[in-house]
Amino acid sequence: MAGRGRGRGRGQMTFNVEAVGIGKGDALPPPTLQPSPLFPALEHRAAPLPGGEEGEYMLALKQELRRAMRGLPYFVKPGAPRRDIERYSDKYQLSSPVDSAIDWNPDWRRLPRELKIRVRRVRKGTTPLVPKQRVTPDKEETIKKLESLEKKEEEVTSEEEEEKEEEEEGKEEEEEEYDEEEHEEETDYVLSYFDNGESFGPDSDDNGDEAVY
Amino acid sequence: MTQAELRLCSLLLQEHFGEIVEKVGNSLLRTGPRPLRLLVGDTGLLPDQVKKALCVLLQHDLVRYEVQPRGSVEYEARSERILRILRYPRYIYTAKTLYGDPGELLVEELLLHGHLSMSCAVARVADRLTETMEDGKTMDYAEVSGTFVRLADTHFIRRCPMVPENPRNAAEPPPPAPALAIADRDMYVVPRLSLAGKGKRRRSCDEEEDGQRKAKRQKQEGGSSEPPPDDGIYWQVNLERFHQHFRDQALVSAVGSRMDQTSSEVVRTMLRMSEVTTASGASHTQPLSSNEIFRALPAGYNIGKQVLDQYLALLADDPLEFVGKSGDSGGGTYTVNLHKALASLATATLESIVEERFGSRCARIFRLLLRKKHLEQKQVEDFAMIPAKEAKDMLYRMLSENLVSLQEIPKTPDHAPSRTFYLYTVNVAAAARMLLHRCYKSAANLMERRQHETRENKRLLEKSQRVEAILASMQATGAEEEQLREVEEMLTGPERQQLENLKRNVNKIDASENQVDETIFVLESFIESTVKRP
């Protein structure tokens, strides 16, 4: 059959190569024996980026957006791993992310019922009531009120947005809010006294004013 | 879903929402719609983490759910919506140019939070604006709500589908997931709210704190017991409308650079008049008569009626066919050919890519093929006036990149190669899709490179942040110049240099991502216009 003779002429093709433009005796490019290089050499330099006010503003917006999204509760972080030994300063630690609670209050009516999860309102070193409960809203409210009456609550260092969203906040948390520095847990110490240095690291060293690069 | 799209989606999710949401999104994108328990099994995460991730994704409209007949709820990721995250800065900037600072912040808040109720959005934006104003001044809610209403009227924001209100029988079990729906006529209706108030500063001076506390207590007492008046009515950004605006902008600037400023104004007027009357996928706008256009021209342009007619005739005669004449009533009726315009824009993008990547001679061959549609090897050499060897080489390079394809035309039924014509041609739609795929790949590469650069210099970044924090606190407590200088010297010269380099590189990469997204927009709009056939 045609094409069986190997070595009869280099690069025999099934069609007349002249039609495509490869003349007789023309040097064909060498055969490819390996995948193309990962970083091929650039033949032409890329054109410079369009600068200007619009470009600069959008650049700043982009970096600002990235930084802001990291701080929102929608940035889901895995829960802090359990300590092997319970330490006293755990009670006063600034809240670390908890797996079993969600940090913001979505409108549960718009979501499938199976996704309902406890909304975090308090921060506590000891385990709260039944963490993974799926209860109807009114039961949850009474349990919350019981919680707030039984234990002394500390509030998450809240921004104003969170305060506006949480409609069920009682008066107790209000008082906490402006006496934050002084009356929490009836200690005489500022909260940073209980900083045991374990939070040294990239996650918690968030200086909110710096742009994230 | 190509690999490049998947990779870009997962990078975007990881950068903006964290690893857990990325894993969940990845699983949904790669394996399709699945219910919750399969997701938990796939991703290996805790059930609570997966629930949280799904709540976040649903909040931002990146995932949708569907109740299956068996009663389970299946979740499906929306990849095209996830890719829009790349375009957020452009949306916000456009809102700023159209509606000023309140508009910009409203759109930003809506994008950051997915969807918000009007009262919530207005309150947040008023607070943010108040922070930037001088001491003692506050932003009134009325101004922000006014901007909100304008955004809704021009369809830049729209209402989310709502929970059905009709009460079910007590006997029936409640459905596992609500069936959200909204009628078209309600989509842009703003609820009547009397939002009165002023923005609050986050950290006001001491004398104001007491007053604020009292105000806050009253607000809590009044507001905590009842839901806000627009409960259940949420608003989200209408991305389609923004895309329409970008397309109009691109059209107008193309006309402006091809002809002159006045003709671009004419086209802009025509587009503005057809904003609400044109359906989103329409191939051309409704016909507009020359008299109407003349009346609708902006006040500053006092060109005569004859001059306008001449401009319109010029535009209609232009080979690019942006504007077409559809009749003679009313002094001539004209339409803007949207699909043709998108095709021209996409073709221009293709040409420019070929030119930048392969050189101007390749670009000449490419344009020649676009114009003449099908050409043989010999004809290409003749028409382009390029020596045979070079023309051959360039054609093969473009062929290997799939920008150009070969079309066989057999002379005999047995398709014998010696008796077949081989014609080179450019298939614009295929080339556009291929380049779009490359754009996604570039965007993903850029993001990875940026993350790599940041990771490499993490230690240095942290050190500089600490130094800044120390400096700031020292300045607040009033330290001397010498102490400040000592602290500044904690960062050595080479380290500063390194930081400068890092900052410059990251800025360059970010600007490139924005640039790639512009190309993605043009190519995607074109491909969408070719696909949507009624």
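Being a predicted model, the structure only gives us computed values, none of them experimental.
- If you measure heavy-atom distances from A/Leu49 to chain B, the contacts under 4.5 Å come from the side chain alone.
- Looking at B/Phe358, only its backbone comes within 4.5 Å of chain A, counting heavy atoms on both sides.
- When heavy atoms are compared at a cutoff of 4.5 Å, B/Arg357 approaches chain A solely by way of its backbone atoms N, CA, C and O.
- Residue contact with chain A, scored on non-hydrogen atoms closer than 4.5 Å, is absent for B/Glu453.
- Only the side chain of B/Tyr65 comes within less than 4.5 Å of a heavy atom in chain A; its backbone stays farther off.
- Residues B/Phe17 and B/Ile85 meet the side-chain proximity criterion, which asks for heavy atoms closer than 4.5 Å.
- Residue contact with chain A, scored on non-hydrogen atoms closer than 4.5 Å, involves the backbone and the side chain of B/Glu356 alike.
- No part of B/Glu22 comes within reach of chain A, as not one of its non-hydrogen atoms sits under 4.5 angstrom from that chain.
- Looking at A/Arg110, its side chain does come within 3.5 Å of a backbone N or O of B/Pro161 through a donor-acceptor pair.
- Residues A/Glu114 and B/Tyr75 approach most closely at OE2-OH, 2.6 Å, considering heavy atoms.
- In this structure, the portions of A/Glu54 lying under 4.5 Å from any heavy atom of chain B include both its backbone and its side chain.
- For B/Leu112, the parts lying under 4.5 angstrom from a heavy atom of chain A are both the backbone and the side chain.
- Between the CD atom in B/Glu513 and the CD atom in B/Glu518 there is a gap of 13.0 Å [rounded to 0.5 Å].
- If you measure heavy-atom distances from B/Glu376 to chain A, you find no contacts under 4.5 Å at all.
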Pair A/Arg66-B/Asp510, salt bridge (Lys or Arg N to Asp or Glu O under 4.0 Å): steps then yes or no: CA-CA 11 Å; A/Arg66 249 205 318 270; B/Asp510 269 332; 3.1 Å; yes
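- Rounding to the nearest 0.5 Å gives a distance of 4.0 Å between CD1 of A/Ile102 and SG of B/Cys55.
- Of the two parts of B/Gln14, only the backbone, made up of N, CA, C and O, holds a non-hydrogen atom closer than 4.5 Å to a non-hydrogen atom of chain A.
- Between the side chains of B/Asn507 and A/Gln63, a donor-acceptor pair is found at a separation under 3.5 Å.
- Using a 4.5 Å cut-off between heavy atoms, B/Lys378 makes no contact with chain A at all.
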Candidate pair A/Tyr74 and B/His16, rule ring-ring contact (aromatic ring centres under 6.0 Å, His included), full reasoning: CA-CA 9 Å; A/Tyr74 308 118; B/His16 294 268; over 10 Å; no
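- If you tally non-hydrogen atom pairs under 4.5 Å between each of A/Leu42, A/Leu59, A/Leu111 and chain B, the highest count goes to A/Leu59.
- Environment of NZ in B/Lys411: crowded, with over 12 heavy atoms of neighbouring residues, nucleotides or ligands closer than 6.0 Å.
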